[in-house]
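For reference, the structure is listed below as structure tokens.
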Amino acid sequence: MTARSPLRRLRRSELPVDTVELARFLIGIVLVHDGAGGRVSGRIVETEAYPLGDPASHAYRGRTRRNGAMFLERGLAYVYLIYGTSVCMNVTSEEFGTGAGILVRALEPLDGIAAMERRRGTDSLRDLTRGPGRLTQALGIQLSDDGADLCKPGPLWLARRAGPDSDVGASVRIGLTRAADAVLRFYERSNPFVSGVRRLSP
DNA sequence: CAACGGATCAGCT
DNA sequence: GCTGATCCGTTGG
């Protein structure tokens, strides 16, 4: 057990409404999952904004069964399956009824590293949470967590953690065909848990 | 109802 | 670097 800075649950009112502001704000925030196997957590070190009117956003074509959480209030989890193999998690943003979110792309592991290694089937620390599909697997986030409120008492939540401010860089997003040149990816500079290292500049 | 494609990863070259 | 795995939501007939 390593000594940790105390965690304080974030209130919804502390979250910026604006998607791009929230994506930047989330760098350095801790994502926590309290489960049967104990606490698993990590500092968010990489995000991508999918703001209103973004043709790359799952919400762009309006509300569907899958993306429904994006159209509710901000600070919820929007969880979906991609490529039939990987689960990704967004934090919803903007006002009720509008449809936007932020993809969490990478974490720096904090608590529960043994549980992460077990779930991921590897003891390679750097590979535990580097990438959107890897971090959900490491934290045990599943499709059933879609719609979970990250700002209310519950197993999945966001927390502030004392520490120095992050040095945040920005770049284009990863793996997109539409809106591929928009600079909407945010990451902590010099952090080894950031994915897509070849794309650290716009 | 069938077809398609994706905000990915692992494993191999 | 490249490719296959494998599933769900969406779209088009």
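Distance, Ile82(A) CD1 to dA5(C) P: 18 Å, rounded to whole Å. One interatomic measurement links the two molecules: CG of Leu128(A) to C1' of dA10(B), which rounds to 15 Å at whole-angstrom precision. To the nearest angstrom, C1' of dT8(B) lies 10 Å from CG of Leu81(A). Atom P of nucleotide dC9(B) and atom CZ of Arg119(A) are separated by 17 Å, given to the nearest angstrom. Atom CG in Asn67(A) sits roughly 17 Å away from atom P in dG6(B) (whole-Å rounding). For Leu176(A) and dG6(B), the CG to C1' distance is 10 Å, given to the nearest whole Å. Rounded to a whole Å, the NE2 atom of His58(A) is 11 Å from the C1' atom of dC8(C). Distance Arg130(A) CZ to dA10(B) C1': 12 Å, rounded to the nearest Å.
Phosphate contact (OP1/OP2 of dG9(C), side-chain N/O of Arg61(A), threshold under 4.0 Å): absent. In this structure, Arg120(A) does not reach the dC9(B) phosphate: none of its side-chain N or O atoms is under 4.0 Å from OP1 or OP2. Look at Arg105(A) and you'll find a side-chain N or O under 4.0 angstrom from OP1 or OP2 of dT8(B).
With respect to Met89(A), the side-chain contact (heavy atoms from CB on, under 4.5 Å) criterion is satisfied by exactly one of Asp146(A), Leu150(A), Leu103(A): Leu150(A).
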*asked:* With side-chain hydrogen bond (donor to acceptor under 3.5 Å, both in side chains) as the criterion, how do Asp54(A) and Ser57(A) come out once you've worked through the C-alpha distance, each side chain's angles and the decisive distance to 0.1 Å?
replied: CA-CA 5 Å; Asp54(A) 174 14; Ser57(A) 169; 5.4 Å; no

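For Arg11(A), the CZ atom counts as loosely surrounded, since its 6.0 Å shell holds 12 or fewer non-hydrogen atoms of other residues, nucleotides or ligands.
With no hydrogens or angles considered, a side-chain donor-acceptor pair links Arg43(A) and Ser166(A) at under 3.5 Å. Side-chain atoms of Arg120(A) and Gln137(A) form a donor-acceptor pair, as typed in the model, at a separation below 3.5 Å.
Considering only the side chain of Tyr78(A), dA7(B) comes nearest among dA10(B), dT8(B), dA7(B). Of all nucleotides listed (dA7(B), dT8(B), dG9(C)), dG9(C) comes nearest to the side chain of Arg66(A). Between dA10(B), dA7(B), dT6(C), one nucleotide has an atom nearer to the side chain of Thr85(A) than all others, and that is dT6(C). Across dT6(C), dC7(C), dA7(B), the shortest atom-to-atom separation from the side chain of Leu103(A) is found for dA7(B).
Remark: dA3(B) base-pairs with dT10(C); criterion is Watson-Crick or G-U wobble with both hydrogen-bond distances under 3.5 Å.
The ring of Tyr83(A) does not lie on top of the base of dG6(B); it is either too far (5.5 Å or more) or too tilted (30° or more).
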